[in-house]
There are 2 protein chains.
Amino acid sequence: MVQGVGPMAREAAPERRRQILDAAVRVFARQGFHSTRVADIAEEADVAYGLVYHYFSSKENVLDELFRERWSLLLEAINEADQSPSTPREKLAVAAGFIIDSYRYDPELMKVIIVDVTRAADSFGRTHLEQINAAYTLIAKIVAEGQEAGIFRDDIDPRFASMTFYGAIEQLLSGWIFGLIPATDQDLDEARGLVVRTICEGLEKR
Amino acid sequence: MVQGVGPMAREAAPERRRQILDAAVRVFARQGFHSTRVADIAEEADVAYGLVYHYFSSKENVLDELFRERWSLLLEAINEADQSPSTPREKLAVAAGFIIDSYRYDPELMKVIIVDVTRAADSFGRTHLEQINAAYTLIAKIVAEGQEAGIFRDDIDPRFASMTFYGAIEQLLSGWIFGLIPATDQDLDEARGLVVRTICEGLEKR
DNA sequence: CCCTCCTGATTGACGCGTCAATCGGTGGCC
DNA sequence: GGCCACCGATTGACGCGTCAATCAGGAGGG
(Lines give C-alpha, C1' and ligand atoms only; values in the text may rest on other atoms or scores of the structure.)
Protein backbone atom coordinates (compact mmCIF):
# COMPACT_ATOMS: atom_id res chain seq x y z
CA MET A 1 0.00 0.00 0.00
CA VAL A 2 1.55 3.20 -1.18
CA GLN A 3 1.94 5.58 1.68
CA GLY A 4 1.72 9.31 1.21
CA VAL A 5 0.32 9.24 -2.29
CA GLY A 6 -3.31 9.46 -3.17
CA PRO A 7 -6.08 9.13 -0.61
CA MET A 8 -4.66 8.66 2.82
CA ALA A 9 -3.81 5.04 3.28
CA ARG A 10 -4.56 3.48 6.61
CA GLU A 11 -1.66 3.16 8.94
CA ALA A 12 -1.07 1.37 12.15
CA ALA A 13 -2.07 3.64 14.99
CA PRO A 14 1.39 3.93 16.56
CA GLU A 15 2.84 5.24 13.31
CA ARG A 16 0.22 7.92 13.03
CA ARG A 17 0.93 8.99 16.55
CA ARG A 18 4.63 9.26 15.85
CA GLN A 19 3.94 11.13 12.65
CA ILE A 20 2.02 13.74 14.60
CA LEU A 21 4.66 13.98 17.32
CA ASP A 22 7.44 14.46 14.80
CA ALA A 23 5.48 17.12 12.97
CA ALA A 24 4.78 18.87 16.27
CA VAL A 25 8.49 19.08 17.03
CA ARG A 26 9.09 20.85 13.75
CA VAL A 27 6.25 23.29 14.18
CA PHE A 28 6.95 24.02 17.85
CA ALA A 29 10.60 24.60 17.04
CA ARG A 30 9.67 26.95 14.22
CA GLN A 31 6.92 28.99 15.87
CA GLY A 32 7.08 28.22 19.55
CA PHE A 33 4.35 26.42 21.47
CA HIS A 34 2.16 29.42 22.16
CA SER A 35 1.91 30.58 18.61
CA THR A 36 1.33 27.24 16.97
CA ARG A 37 -2.24 26.27 16.38
CA VAL A 38 -3.33 22.68 16.47
CA ALA A 39 -4.19 23.19 12.82
CA ASP A 40 -0.52 23.89 12.14
CA ILE A 41 0.49 20.57 13.62
CA ALA A 42 -2.14 18.73 11.62
CA GLU A 43 -1.06 20.44 8.42
CA GLU A 44 2.62 19.72 9.02
CA ALA A 45 1.77 16.08 9.72
CA ASP A 46 -0.44 15.82 6.64
CA VAL A 47 -3.27 14.73 8.82
CA ALA A 48 -6.77 15.97 9.54
CA TYR A 49 -7.27 18.47 12.34
CA GLY A 50 -9.46 16.18 14.35
CA LEU A 51 -7.00 13.32 14.25
CA VAL A 52 -4.67 15.17 16.56
CA TYR A 53 -7.40 14.96 19.17
CA HIS A 54 -7.87 11.31 18.42
CA TYR A 55 -4.34 10.58 19.61
CA PHE A 56 -3.81 13.40 22.09
CA SER A 57 -6.12 15.01 24.58
CA SER A 58 -4.91 18.55 23.92
CA LYS A 59 -2.17 20.61 22.37
CA GLU A 60 -0.42 20.60 25.73
CA ASN A 61 -0.60 16.84 25.83
CA VAL A 62 1.43 16.70 22.61
CA LEU A 63 4.21 18.83 24.09
CA ASP A 64 3.83 16.77 27.21
CA GLU A 65 4.70 13.56 25.43
CA LEU A 66 7.66 15.09 23.65
CA PHE A 67 9.07 16.29 26.95
CA ARG A 68 8.53 13.04 28.81
CA GLU A 69 10.11 10.96 26.08
CA ARG A 70 13.35 12.89 26.13
CA TRP A 71 13.53 13.88 29.77
CA SER A 72 13.13 10.34 31.02
CA LEU A 73 16.16 9.41 28.93
CA LEU A 74 18.07 12.25 30.55
CA LEU A 75 17.17 11.15 34.06
CA GLU A 76 18.10 7.60 33.16
CA ALA A 77 21.46 8.67 31.77
CA ILE A 78 22.37 10.75 34.81
CA ASN A 79 21.23 8.04 37.15
CA GLU A 80 23.24 5.45 35.31
CA ALA A 81 26.32 7.66 35.38
CA ASP A 82 25.86 8.07 39.10
CA GLN A 83 25.78 4.29 39.59
CA SER A 84 29.02 3.84 37.66
CA PRO A 85 32.36 3.73 39.47
CA SER A 86 33.58 6.94 37.81
CA THR A 87 34.82 10.03 39.55
CA PRO A 88 32.26 12.75 40.34
CA ARG A 89 33.80 14.85 37.64
CA GLU A 90 33.37 12.10 35.07
CA LYS A 91 29.78 11.64 36.18
CA LEU A 92 29.07 15.32 35.69
CA ALA A 93 30.74 15.08 32.30
CA VAL A 94 28.34 12.31 31.33
CA ALA A 95 25.37 14.42 32.38
CA ALA A 96 26.59 17.48 30.50
CA GLY A 97 27.48 15.32 27.54
CA PHE A 98 24.07 13.76 27.34
CA ILE A 99 22.34 17.13 27.24
CA ILE A 100 24.72 18.57 24.69
CA ASP A 101 24.55 15.46 22.52
CA SER A 102 20.77 15.61 22.68
CA TYR A 103 21.04 19.02 21.13
CA ARG A 104 23.53 17.88 18.55
CA TYR A 105 21.42 14.90 17.58
CA ASP A 106 18.05 16.62 17.51
CA PRO A 107 18.35 20.38 17.90
CA GLU A 108 14.70 20.99 17.09
CA LEU A 109 13.46 18.71 19.85
CA MET A 110 15.85 20.18 22.37
CA LYS A 111 14.89 23.67 21.36
CA VAL A 112 11.28 22.84 22.08
CA ILE A 113 12.08 21.21 25.39
CA ILE A 114 14.32 24.02 26.58
CA VAL A 115 12.32 26.96 25.30
CA ASP A 116 8.77 25.73 25.83
CA VAL A 117 9.11 23.51 28.87
CA THR A 118 12.26 23.92 30.88
CA ARG A 119 12.56 27.69 30.58
CA ALA A 120 8.82 28.21 30.58
CA ALA A 121 8.60 27.14 34.17
CA ASP A 122 5.68 29.47 34.72
CA SER A 123 3.01 28.42 32.27
CA PHE A 124 3.62 24.98 30.95
CA GLY A 125 6.79 23.99 32.74
CA ARG A 126 4.92 24.20 36.02
CA THR A 127 3.36 20.87 35.20
CA HIS A 128 6.79 19.36 34.87
CA LEU A 129 8.57 21.12 37.70
CA GLU A 130 8.79 17.83 39.53
CA GLN A 131 10.47 16.05 36.63
CA ILE A 132 12.79 18.95 36.02
CA ASN A 133 13.61 19.13 39.69
CA ALA A 134 14.43 15.43 39.67
CA ALA A 135 17.35 16.20 37.37
CA TYR A 136 18.63 18.88 39.74
CA THR A 137 18.37 16.41 42.59
CA LEU A 138 20.33 13.73 40.77
CA ILE A 139 23.09 16.20 39.97
CA ALA A 140 23.09 17.40 43.56
CA LYS A 141 23.57 13.78 44.63
CA ILE A 142 26.68 13.48 42.50
CA VAL A 143 28.05 16.69 43.99
CA ALA A 144 27.30 15.51 47.51
CA GLU A 145 29.15 12.25 46.86
CA GLY A 146 32.09 14.24 45.58
CA GLN A 147 32.09 16.19 48.81
CA GLU A 148 31.95 13.05 50.93
CA ALA A 149 34.84 11.67 48.95
CA GLY A 150 36.79 14.82 49.80
CA ILE A 151 37.12 15.83 46.17
CA PHE A 152 34.78 18.81 46.20
CA ARG A 153 34.76 21.68 48.66
CA ASP A 154 32.11 21.01 51.24
CA ASP A 155 31.32 24.61 52.12
CA ILE A 156 28.77 24.74 49.34
CA ASP A 157 25.26 23.31 49.34
CA PRO A 158 25.10 20.47 46.78
CA ARG A 159 21.69 21.68 45.64
CA PHE A 160 23.13 25.10 45.10
CA ALA A 161 26.03 23.71 43.10
CA SER A 162 23.61 21.61 41.10
CA MET A 163 21.60 24.67 40.06
CA THR A 164 24.79 26.42 39.06
CA PHE A 165 25.93 23.47 36.97
CA TYR A 166 22.64 22.89 35.22
CA GLY A 167 22.04 26.61 34.74
CA ALA A 168 25.35 27.00 32.99
CA ILE A 169 24.57 24.19 30.58
CA GLU A 170 21.06 25.33 29.85
CA GLN A 171 22.30 28.83 29.18
CA LEU A 172 24.75 27.46 26.65
CA LEU A 173 21.99 25.59 24.86
CA SER A 174 19.93 28.76 24.91
CA GLY A 175 22.83 30.66 23.43
CA TRP A 176 23.05 28.15 20.60
CA ILE A 177 19.31 28.09 20.10
CA PHE A 178 19.04 31.85 19.82
CA GLY A 179 22.19 32.23 17.81
CA LEU A 180 23.97 34.24 20.47
CA ILE A 181 27.05 32.04 20.44
CA PRO A 182 28.41 29.94 17.59
CA ALA A 183 27.23 26.35 17.39
CA THR A 184 29.47 24.60 14.92
CA ASP A 185 30.15 20.93 15.39
CA GLN A 186 33.47 21.85 16.87
CA ASP A 187 31.87 24.21 19.39
CA LEU A 188 29.59 21.42 20.54
CA ASP A 189 32.54 19.06 20.75
CA GLU A 190 34.44 21.43 22.99
CA ALA A 191 31.48 22.56 25.03
CA ARG A 192 31.16 19.53 27.25
CA GLY A 193 34.74 19.60 28.44
CA LEU A 194 34.63 23.35 28.83
CA VAL A 195 31.53 23.51 31.05
CA VAL A 196 32.71 20.70 33.22
CA ARG A 197 36.16 22.22 33.52
CA THR A 198 34.76 25.68 34.17
CA ILE A 199 32.47 24.48 36.89
CA CYS A 200 34.85 21.93 38.34
CA GLU A 201 38.00 23.96 38.18
CA GLY A 202 36.87 27.51 37.79
CA LEU A 203 38.00 30.30 35.58
CA GLU A 204 41.16 31.31 37.38
CA LYS A 205 44.53 29.91 36.53
CA ARG A 206 45.89 27.62 39.09
CA MET B 1 -19.20 57.16 41.16
CA VAL B 2 -17.88 55.54 44.26
CA GLN B 3 -14.21 55.39 43.68
CA GLY B 4 -13.14 54.80 47.21
CA VAL B 5 -14.03 58.26 48.40
CA GLY B 6 -15.78 60.73 46.21
CA PRO B 7 -15.02 61.29 42.57
CA MET B 8 -11.55 60.21 41.65
CA ALA B 9 -9.28 63.08 42.35
CA ARG B 10 -7.14 63.90 39.39
CA GLU B 11 -3.58 62.94 39.76
CA ALA B 12 -0.52 64.02 37.97
CA ALA B 13 -0.12 61.71 35.01
CA PRO B 14 3.25 60.30 36.05
CA GLU B 15 1.79 59.09 39.34
CA ARG B 16 -1.05 57.28 37.61
CA ARG B 17 1.41 55.67 35.27
CA ARG B 18 3.52 54.45 38.15
CA GLN B 19 0.45 53.23 39.96
CA ILE B 20 -0.42 51.05 36.99
CA LEU B 21 3.14 49.78 36.59
CA ASP B 22 3.38 48.84 40.26
CA ALA B 23 0.07 47.05 40.13
CA ALA B 24 1.16 45.21 37.00
CA VAL B 25 4.24 43.89 38.79
CA ARG B 26 2.08 42.42 41.51
CA VAL B 27 -0.37 40.81 39.13
CA PHE B 28 2.26 39.50 36.71
CA ALA B 29 4.20 38.04 39.62
CA ARG B 30 1.07 36.39 40.96
CA GLN B 31 -0.42 35.00 37.76
CA GLY B 32 2.26 35.28 35.12
CA PHE B 33 2.04 37.52 32.08
CA HIS B 34 0.05 35.19 29.86
CA SER B 35 -2.73 34.54 32.31
CA THR B 36 -3.23 38.08 33.50
CA ARG B 37 -5.90 40.05 31.75
CA VAL B 38 -5.65 43.76 31.29
CA ALA B 39 -8.73 43.96 33.51
CA ASP B 40 -6.71 42.38 36.33
CA ILE B 41 -4.09 45.10 36.11
CA ALA B 42 -6.73 47.82 36.13
CA GLU B 43 -8.46 46.30 39.12
CA GLU B 44 -5.25 45.87 41.09
CA ALA B 45 -4.36 49.50 40.32
CA ASP B 46 -7.83 50.75 41.28
CA VAL B 47 -8.14 52.28 37.89
CA ALA B 48 -10.57 51.99 35.01
CA TYR B 49 -9.90 49.42 32.34
CA GLY B 50 -9.48 51.99 29.61
CA LEU B 51 -6.96 54.03 31.55
CA VAL B 52 -4.38 51.32 31.10
CA TYR B 53 -4.64 52.00 27.37
CA HIS B 54 -4.38 55.70 28.03
CA TYR B 55 -0.89 55.24 29.43
CA PHE B 56 0.26 52.14 27.59
CA SER B 57 -0.24 50.99 24.05
CA SER B 58 -0.78 47.35 24.99
CA LYS B 59 -0.41 44.77 27.71
CA GLU B 60 3.00 43.93 26.33
CA ASN B 61 4.00 47.56 26.49
CA VAL B 62 3.42 47.48 30.25
CA LEU B 63 5.76 44.51 30.70
CA ASP B 64 8.07 46.22 28.29
CA GLU B 65 8.45 49.26 30.51
CA LEU B 66 8.99 47.17 33.62
CA PHE B 67 11.77 45.28 31.92
CA ARG B 68 13.48 48.32 30.47
CA GLU B 69 13.45 50.19 33.77
CA ARG B 70 15.25 47.46 35.65
CA TRP B 71 17.46 46.09 32.90
CA SER B 72 18.94 49.46 32.05
CA LEU B 73 20.00 49.74 35.69
CA LEU B 74 21.62 46.34 35.42
CA LEU B 75 23.55 47.26 32.30
CA GLU B 76 24.60 50.50 33.93
CA ALA B 77 25.80 48.71 37.05
CA ILE B 78 27.85 46.15 35.14
CA ASN B 79 29.29 48.82 32.91
CA GLU B 80 30.23 50.95 35.88
CA ALA B 81 31.87 47.98 37.58
CA ASP B 82 33.84 47.32 34.44
CA GLN B 83 35.12 50.91 34.42
CA SER B 84 36.30 50.68 38.02
CA PRO B 85 39.86 49.67 38.81
CA SER B 86 38.79 46.45 40.55
CA THR B 87 39.99 42.96 39.71
CA PRO B 88 37.94 40.96 37.19
CA ARG B 89 36.70 38.82 40.00
CA GLU B 90 35.48 41.84 41.93
CA LYS B 91 33.77 43.14 38.83
CA LEU B 92 31.96 39.87 38.35
CA ALA B 93 31.00 39.99 42.02
CA VAL B 94 29.42 43.40 41.47
CA ALA B 95 27.41 42.08 38.55
CA ALA B 96 26.23 39.02 40.46
CA GLY B 97 25.54 41.16 43.50
CA PHE B 98 23.41 43.59 41.57
CA ILE B 99 21.19 40.85 40.21
CA ILE B 100 20.85 39.10 43.52
CA ASP B 101 20.17 42.35 45.37
CA SER B 102 17.56 43.23 42.79
CA TYR B 103 15.81 40.05 43.79
CA ARG B 104 16.23 40.73 47.48
CA TYR B 105 14.94 44.27 47.14
CA ASP B 106 12.01 43.55 44.84
CA PRO B 107 11.44 39.84 44.36
CA GLU B 108 8.15 40.35 42.56
CA LEU B 109 9.67 42.56 39.90
CA MET B 110 12.60 40.22 39.38
CA LYS B 111 10.29 37.25 39.18
CA VAL B 112 8.40 38.95 36.39
CA ILE B 113 11.56 39.93 34.56
CA ILE B 114 13.13 36.51 34.83
CA VAL B 115 10.07 34.38 34.21
CA ASP B 116 8.21 36.47 31.65
CA VAL B 117 11.04 38.16 29.78
CA THR B 118 14.47 36.71 30.26
CA ARG B 119 13.47 33.05 30.32
CA ALA B 120 10.64 33.57 27.85
CA ALA B 121 13.11 34.26 25.11
CA ASP B 122 10.77 32.75 22.56
CA SER B 123 7.58 34.74 22.72
CA PHE B 124 8.09 38.01 24.49
CA GLY B 125 11.76 37.94 25.30
CA ARG B 126 12.51 37.87 21.59
CA THR B 127 11.78 41.59 21.55
CA HIS B 128 14.42 42.12 24.17
CA LEU B 129 17.04 39.65 22.99
CA GLU B 130 19.27 42.55 22.08
CA GLN B 131 19.08 44.12 25.53
CA ILE B 132 19.56 40.77 27.20
CA ASN B 133 22.48 40.00 24.95
CA ALA B 134 24.05 43.32 25.86
CA ALA B 135 24.43 42.03 29.40
CA TYR B 136 26.15 38.88 28.18
CA THR B 137 28.48 41.00 26.11
CA LEU B 138 29.44 43.23 29.04
CA ILE B 139 30.22 40.22 31.16
CA ALA B 140 32.21 38.69 28.33
CA LYS B 141 34.22 41.89 28.19
CA ILE B 142 35.15 41.58 31.85
CA VAL B 143 36.23 37.98 31.30
CA ALA B 144 38.29 38.96 28.28
CA GLU B 145 40.06 41.62 30.30
CA GLY B 146 40.78 39.06 32.97
CA GLN B 147 42.34 36.87 30.34
CA GLU B 148 44.47 39.67 28.96
CA ALA B 149 45.63 40.41 32.48
CA GLY B 150 46.70 36.78 32.75
CA ILE B 151 44.31 36.11 35.63
CA PHE B 152 41.87 33.88 33.79
CA ARG B 153 42.67 30.90 31.62
CA ASP B 154 42.63 32.00 28.03
CA ASP B 155 41.67 28.70 26.47
CA ILE B 156 38.02 29.54 26.91
CA ASP B 157 35.90 31.86 24.77
CA PRO B 158 34.90 34.88 26.89
CA ARG B 159 31.42 34.77 25.42
CA PHE B 160 31.16 31.17 26.42
CA ALA B 161 32.30 31.92 29.96
CA SER B 162 29.85 34.78 30.11
CA MET B 163 26.92 32.51 29.28
CA THR B 164 28.06 30.08 31.92
CA PHE B 165 28.33 32.79 34.55
CA TYR B 166 25.01 34.43 33.79
CA GLY B 167 23.26 31.10 33.40
CA ALA B 168 24.38 30.00 36.81
CA ILE B 169 23.02 33.15 38.42
CA GLU B 170 19.72 33.09 36.58
CA GLN B 171 19.24 29.48 37.53
CA LEU B 172 19.71 30.38 41.17
CA LEU B 173 17.11 33.11 40.93
CA SER B 174 14.80 30.64 39.22
CA GLY B 175 15.39 28.18 42.04
CA TRP B 176 14.41 30.80 44.57
CA ILE B 177 11.44 31.94 42.54
CA PHE B 178 10.03 28.45 42.20
CA GLY B 179 10.88 27.43 45.72
CA LEU B 180 13.33 24.73 44.64
CA ILE B 181 16.09 26.00 46.88
CA PRO B 182 15.79 27.94 50.14
CA ALA B 183 15.79 31.72 49.86
CA THR B 184 16.26 33.06 53.36
CA ASP B 185 18.04 36.35 53.84
CA GLN B 186 21.12 34.38 54.77
CA ASP B 187 20.97 32.31 51.60
CA LEU B 188 20.86 35.47 49.54
CA ASP B 189 23.74 36.91 51.53
CA GLU B 190 25.89 33.89 50.81
CA ALA B 191 24.79 33.40 47.25
CA ARG B 192 26.83 36.15 45.68
CA GLY B 193 30.11 34.98 47.08
CA LEU B 194 29.26 31.39 46.34
CA VAL B 195 28.45 31.85 42.65
CA VAL B 196 31.47 33.99 42.06
CA ARG B 197 33.69 31.57 43.90
CA THR B 198 32.17 28.57 42.16
CA ILE B 199 32.62 30.06 38.74
CA CYS B 200 35.97 31.68 39.43
CA GLU B 201 37.56 28.90 41.41
CA GLY B 202 35.50 25.87 40.58
CA LEU B 203 34.16 23.10 42.69
CA GLU B 204 37.29 21.09 43.25
CA LYS B 205 39.52 21.61 46.23
CA ARG B 206 42.79 23.19 45.41
C1' DC C 1 -14.84 -15.39 -5.15
C1' DC C 2 -17.91 -11.72 -4.24
C1' DC C 3 -21.00 -9.13 -1.55
C1' DT C 4 -22.26 -7.13 2.91
C1' DC C 5 -21.80 -5.54 7.20
C1' DC C 6 -19.01 -3.83 10.99
C1' DT C 7 -15.37 -1.44 13.20
C1' DG C 8 -12.69 2.23 14.13
C1' DA C 9 -9.63 5.46 11.88
C1' DT C 10 -10.13 9.80 9.78
C1' DT C 11 -12.20 14.12 8.49
C1' DG C 12 -13.14 19.23 8.98
C1' DA C 13 -16.99 22.57 9.81
C1' DC C 14 -18.74 24.66 13.74
C1' DG C 15 -19.71 26.39 18.57
C1' DC C 16 -18.19 28.76 22.12
C1' DG C 17 -15.47 31.11 25.54
C1' DT C 18 -11.90 34.39 26.12
C1' DC C 19 -9.63 38.70 25.95
C1' DA C 20 -7.22 42.56 23.81
C1' DA C 21 -8.22 46.77 22.06
C1' DT C 22 -11.42 50.41 20.67
C1' DC C 23 -14.48 54.21 21.02
C1' DG C 24 -18.05 57.23 22.29
C1' DG C 25 -18.76 59.41 25.96
C1' DT C 26 -18.50 62.24 31.04
C1' DG C 27 -16.84 65.55 34.09
C1' DG C 28 -13.40 68.32 36.42
C1' DC C 29 -10.09 72.02 35.97
C1' DC C 30 -7.95 76.08 33.95
C1' DG D 1 -15.45 76.69 26.64
C1' DG D 2 -12.05 73.74 25.59
C1' DC D 3 -8.84 70.36 26.97
C1' DC D 4 -7.61 66.21 28.93
C1' DA D 5 -7.83 62.55 32.43
C1' DC D 6 -10.81 59.02 32.85
C1' DC D 7 -14.45 55.46 32.18
C1' DG D 8 -16.24 50.76 30.91
C1' DA D 9 -19.51 48.64 27.59
C1' DT D 10 -18.82 46.73 23.22
C1' DT D 11 -16.68 44.58 19.52
C1' DG D 12 -14.32 41.35 16.92
C1' DA D 13 -10.68 38.12 16.25
C1' DC D 14 -8.88 33.99 17.46
C1' DG D 15 -8.21 29.18 18.33
C1' DC D 16 -9.38 25.12 21.17
C1' DG D 17 -12.05 21.17 21.36
C1' DT D 18 -16.35 18.74 19.75
C1' DC D 19 -18.91 15.73 17.00
C1' DA D 20 -21.52 13.89 13.31
C1' DA D 21 -20.38 12.21 8.93
C1' DT D 22 -17.29 9.53 5.95
C1' DC D 23 -14.34 6.02 4.39
C1' DA D 24 -11.29 1.89 4.09
C1' DG D 25 -10.23 -2.62 5.11
C1' DG D 26 -11.39 -7.10 7.02
C1' DA D 27 -14.38 -10.96 8.49
C1' DG D 28 -17.80 -14.03 7.43
C1' DG D 29 -21.54 -15.99 4.96
C1' DG D 30 -23.36 -17.46 0.69
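Proteins get letters first, then strands, A, B, ... in listed order; numbering begins at 1 in each. Worth saying up front: this structure is predicted, and the values here are computed from it rather than measured.
The B/Y55 side chain lies nearest to D/dC6 when the options are D/dC6, C/dG12, C/dA9.
A/I169 places none of its side-chain heavy atoms less than 4.5 Å from the side chain of A/I199.
Looking only at distances, no side-chain donor or acceptor of A/N133 sits under 3.5 Å from a matching main-chain atom of A/E130. Checking side-chain atoms of B/R159 against main-chain N and O of A/L180 turns up a donor-acceptor pair under 3.5 Å. Judged purely by atom type and a 3.5 angstrom limit, B/Q19 uses its side chain to pair as donor or acceptor with the backbone of B/A45.
Take B/F98 and apply the ring-ring contact (aromatic ring centres under 6.0 Å, His included) test, not counting sequence neighbours, and it matches no residue. Residues satisfying the ring-ring contact (aromatic ring centres under 6.0 Å, His included) criterion with B/F56, sequence neighbours excluded, are absent altogether.
Note: CD (B/E43) to P (D/dG8) measures 12 Å, nearest angstrom. Atom NE2 of A/H54 is separated from atom P of D/dA21 by 19 Å (rounded to the nearest Å). Spacing between atom CG of A/L51 and atom P of D/dC23 amounts to 16 Å, rounded to whole angstrom units. Atom CZ of A/R16 is separated from atom C1' of C/dG8 by 13 Å (rounded to the nearest Å).
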Hey, what are the protein-to-nucleotides 15-21 of chain C N/O distances that come in under 3.5 Å?
| residue | atom | partner | partner atom | Å |
| --- | --- | --- | --- | --- |
| C/dC19 | OP2 | B/R37 | NH1 | 3.2 |
| C/dA20 | OP1 | B/T36 | O | 3.4 |
| C/dA20 | OP1 | B/K59 | NZ | 3.1 |
| C/dA20 | OP2 | B/V38 | N | 2.9 |
| C/dA20 | N7 | B/Y49 | OH | 3.3 |
| C/dA21 | OP2 | B/Y53 | OH | 3.1 |
| C/dA21 | OP2 | B/K59 | N | 3.4 |
| C/dA21 | N7 | B/Y49 | OH | 2.6 |

Side-chain donor-acceptor pairs of residues 71-81 of chain A under 3.5 Å, sequence neighbours excluded:
| residue | atom | partner | partner atom | Å |
| --- | --- | --- | --- | --- |
| A/W71 | NE1 | A/Q131 | O | 3.0 |
| A/S72 | OG | A/R68 | O | 3.0 |
| A/S72 | OG | A/E69 | O | 3.1 |

Under 3.5 Å, sequence neighbours excluded: what are the donor-acceptor pairs made by side chains of residues 108-115 of chain B?
| residue | atom | partner | partner atom | Å |
| --- | --- | --- | --- | --- |
| B/K111 | NZ | B/A29 | O | 3.0 |

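Axis orientation changes by 20° from one end of the helix from C/dC1-D/dG30 to C/dC30-D/dG1 to the other, with each end axis drawn from 5 pairs and the value rounded to 10°.
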